Protein chains: 2
Amino acid sequence: MSLTTAAPDQPTLYKRIRADIEKRILTGEWPPGHRIPFEHELVARYGCSRMTVNKALSELAQADLIERRRRAGSFVRRPQHQSAVLKIADIRAEITALGRGYGYELIGRKLRTATAADRERLGVRKAGKVVAITCRHSADKVPFAVEDRLIDLSSVPDAATADFSREPPGSWLLHHVPWTEAEHTISAIVADDRTAEALDIAVGAPCLVIDRYTWRSARTITAVRLLYPGDSHRLVARFKGG
Amino acid sequence: MSLTTAAPDQPTLYKRIRADIEKRILTGEWPPGHRIPFEHELVARYGCSRMTVNKALSELAQADLIERRRRAGSFVRRPQHQSAVLKIADIRAEITALGRGYGYELIGRKLRTATAADRERLGVRKAGKVVAITCRHSADKVPFAVEDRLIDLSSVPDAATADFSREPPGSWLLHHVPWTEAEHTISAIVADDRTAEALDIAVGAPCLVIDRYTWRSARTITAVRLLYPGDSHRLVARFKGG
DNA sequence: CACGATTATATGTCTAGACATATAAGTCAA
DNA sequence: TTGACTTATATGTCTAGACATATAATCGTG
């Protein structure tokens with residue numbers, strides 16, 4: 001072991017500049033609207049080139065913490081309170097992350113020409129073929145969620161022959177259709193007879209509903225409705241901003 | 001009007017490079033795991049300096065579309081399906097965005113020393129002062145949501161004297177406490193007597209519940225519970241990734 | 001063959017310039 | 001006072017280099 005103290009593992013300069021400024025914004029020292037120092041002032045303060053401070057400021061602008069205006073300068077933005085990052089994990093991953101045993105059960109699978117209701121659910125015009133799947137996810141043998149899914153076979157032909165009796169359709173799609181976009185709608189209902197039975201809860205008990213509609217470059221892939229017992233399941237979203 | 005066609009307003013070079021690569025990833029031409037060309041290859045292809053392609057690749061890495069490994073290269077990442085951006089707007093903004101008339105009504109306001117229940121809800125140890133507020137938001141005179149809020153006065157002393165009879169506490173806090181962090185929990189319940197009356201729905205009807213806990217550099221600010229009629233209100237989240 | 005040392009290489013960061021461009025601010029005329 | 005024109009300036013992008021650093025691949029040795 002050397003006698004000289006090892007230098008603390010300093011982050012790179014541009015990261016330090018970014019962190020310095022971020023701290024002042026987050027603590028309120030530089031409130032919304034405050035003009036942060038010009039690039040050339042930061043260059044002087046940190047003794048580096050403009051590209052270095054530019055990289056720091058560009059990243060802050062990308063994170064929506066500051067707004068950069070030509071000729072005017074860079075300004076602290078007002079907090080962006082309207083968006084939160086909601087973690088919607090794969091159900092299997094969610095359950096195993098809780099340290100519980102994952103169980104999957106296929107309840108029904110039908111291959112059919114899309115009905116009017118199917119077409120509306122998938123948001124398509126043409127009456128192509130679809131697969132309708134109903135299944136149940138459980139944690140330690142206790143029902144965790146029931147899934148009701150429609151897959152558009154004109155976009156994912158392979159789904160017609162996939163074996164969903166072992167593998168959940170969500171996982172299968174994840175590995176066969178990369179980089180989709182999706183829209184989630186969250187609502188609440190009370191359990192009807194069928195739902196109550198599937199989830200092993202009382203009729204009239206609250207259920208949290210997640211409807212997910214997934215597409216890939218303007219092509220519909222799948223529409224899924226997930227029903228969770230409302231008093232047990234909780235979705236947690238964290239975000240930054242007022 | 002000139003006879004020469006105006007040049008299309010080209011984006012800058014690094015943006016074009018980024019878009020080119022992004023397109024190949026999103027269309028599946030370069031699937032997850034695919035090694036994208038080395039920086040020096042892109043330099044040759046686009047006839048620019050390395051800093052330019054580096055900027056494009058760095059942004060793709062920041063967006064989690066690619067992973068960069070020293071000595072090995074840059075690789076297309078697997079889709080990050082687990083996070084969605086959930087828009088949780090200010091209720092007033094949400095209602096006016098729907099083109100409906102916003103209404104606000106203060107139901108109750110109490111200033112008290114934190115009870116044990118208050119302390120647990122706020123996640124604090126000490127029994128300081130708090131304000132408890134109950135209010136209702138409506139759209140075109142129809143109840144839209146009821147709010148039940150607790151504000152920690154040791155963090156936000158001004159809230160003790162703020163007038164919440166006209167301004168909703170959410171808006172007030174937004175303008176007085178910038179850049180907080182928050183955690184949302186979403187669940188479902190059925191309406192009890194009081195909730196049913198406040199929302200003008202039937203007892204036993206489903207309600208969507210959002211619990212939001214807000215802090216600022218380790219200091220609790222506020223805890224709020226929002227109750228929405230479950231069959232009418234819908235939260236929409238969009239995201240990218242499988 | 002297993003394992004440690006060496007080397008090659010792709011990315012990470014940085015510099016000291018350059019020109020482009022949007023726009024705030026100033027100037028001047030109607 | 002108002003509107004049109006000019007100018008100054010901060011940011012946006014880019015270059016052609018440089019050295020640092022992590023690590024995949026290779027080489028040597030026991």
Side-chain angles (χ1 to χ4, degrees), chain A residues 2 4-22 24-25 30 32-78, chain B residues 2 4 6-25 30 32-78:
Chain A
S2 132
T4 61
T5 307
D9 201 8
Q10 287 237 22
T12 56
L13 180 52
Y14 92 88
K15 281 181 182 161
R16 252 180 46 224
I17 298 172
R18 170 158 61 74
D20 279 4
I21 296 169
E22 192 172 334
R24 286 185 213 251
I25 295 173
W30 289 347
H34 177 90
R35 208 211 75 226
I36 74 174
F38 294 131
E39 291 190 348
H40 67 84
E41 295 175 296
L42 293 169
V43 161
R45 178 180 306 179
Y46 290 98
C48 62
S49 80
R50 192 164 79 88
M51 276 302 284
T52 302
V53 311
N54 183 283
K55 184 162 184 170
L57 293 179
S58 296
E59 289 196 4
L60 288 170
Q62 236 184 309
D64 272 341
L65 249 76
I66 67 172
E67 187 190 348
R68 313 200 72 199
R69 292 208 303 273
R70 277 182 157 147
R71 166 72 208 240
S74 301
F75 301 83
V76 177
R77 291 198 56 164
R78 324 189 72 206
Chain B
S2 131
T4 60
D9 201 10
Q10 286 236 22
T12 55
L13 181 52
Y14 92 88
K15 282 181 182 163
R16 253 180 46 224
I17 299 172
R18 170 158 61 77
D20 279 3
I21 296 168
E22 192 171 335
K23 192 178 162 191
R24 285 185 213 251
I25 294 173
W30 288 348
H34 177 90
R35 207 210 75 225
I36 75 175
F38 294 131
E39 290 189 350
H40 67 85
E41 295 175 297
L42 293 169
V43 162
R45 178 180 308 180
Y46 290 96
C48 62
S49 79
R50 190 164 79 89
M51 277 302 283
T52 301
V53 310
N54 183 283
K55 184 163 184 170
L57 294 179
S58 295
E59 290 196 5
L60 288 170
Q62 237 184 308
D64 272 341
L65 248 77
I66 66 170
E67 187 190 348
R68 313 198 73 199
R69 292 208 305 272
R70 278 182 155 145
R71 166 72 211 242
S74 301
F75 301 83
V76 177
R77 291 198 54 162
R78 325 188 72 206

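Being a predicted model, the structure only gives us computed values, none of them experimental. Proteins get letters first, then strands, A, B, ... in listed order; numbering begins at 1 in each. Heavy atoms only: backbone and side chains are in, while hydrogens, waters and symmetry mates are out.
Listed pair A:K15 / C:dT13 meets the phosphate criterion, a side-chain N or O lying under 4.0 Å from OP1 or OP2. Phosphate proximity of C:dC14 to A:K55: absent, as no side-chain N or O sits under 4.0 Å from OP1 or OP2. Taking only side-chain nitrogens and oxygens, B:T52 comes nearer than 4.0 Å to OP1 or OP2 of D:dT15. Between C:dG17 and A:S49, no contact under 4.0 Å exists linking OP1 or OP2 to a side-chain N or O. OP1 or OP2 of C:dT11 sits under 4.0 Å from a side-chain N or O of B:S74. Contact between the side-chain N/O atoms of A:R68 and the OP1/OP2 oxygens of D:dG12 is found at a separation under 4.0 Å.
B:L13 comes within contact range of the sugar-phosphate backbone alone, with a heavy-atom separation under 4.0 Å but no base atom that close. Counting non-hydrogen atoms under 4.0 angstrom, B:S58 reaches nothing in the nucleic acid.
A cation-pi contact, defined as under 6.0 Å to the ring centre and within 45° of the axis, is absent between B:R78 and B:F75.
Each of B:G73 and A:Y14 was matched to the nucleotide of DNA chain C holding its nearest heavy atom; the match closer to the 5' end belongs to B:G73. Checking A:F38 against B:T12, the closest nucleotide of DNA chain D that is more toward the 5' end is the one next to A:F38. Two residues, A:A72 and A:R50, neighbour DNA chain C, and the one matched to the more 5' nucleotide by heavy-atom proximity is A:R50.
If you take NE2 of B:H40 and C1' of C:dA8, they are 12 Å apart, rounded to a whole angstrom. The distance between atom CG of A:L60 and atom P of D:dT11, rounded to the nearest whole Å, is 13 Å. We find that CZ of A:R35 is positioned 10 Å from C1' of D:dA10, with the value rounded to whole Å. C:dA16 atom C1' lies 14 Å from atom CG of A:N54, rounded to whole Å. Rounded to a whole Å, the CZ atom of B:R16 is 16 Å from the C1' atom of D:dG12. The distance between atom OH of A:Y46 and atom P of C:dC14, rounded to the nearest whole Å, is 13 Å. One atom, CZ of B:F75, and another, P of D:dA22, lie 18 Å apart when rounded to the nearest Å. The distance between atom CE of A:M51 and atom C1' of C:dC14, rounded to the nearest whole Å, is 9 Å.
Counting all heavy atoms, side chain and backbone alike, B:C48 lies closest to B:L13 at CB-CD2, 3.5 Å.
In terms of modelled atom types and a separation under 3.5 Å, the side chain of A:E59 and the main chain of A:A56 share no donor-acceptor contact.
Summarising the geometry, atom OG belonging to A:S58 is positioned 11.0 Å from atom CZ belonging to A:R18; distances are rounded to the nearest 0.5 Å.
For the residue pair A:N54 / A:Y14, no side-chain donor-acceptor distance below 3.5 Å is found, with atom types taken as modelled.
A salt bridge links B:R68 with B:E39: at least one charged nitrogen is closer than 4.0 Å to a carboxylate oxygen.
The base of D:dA24 is paired with the side chain of B:R71 by a donor and an acceptor separated by under 3.5 Å. Interface remark: the A:R69 side chain does not form any donor-acceptor pair with the D:dG12 base, using a distance-only criterion of under 3.5 Å.
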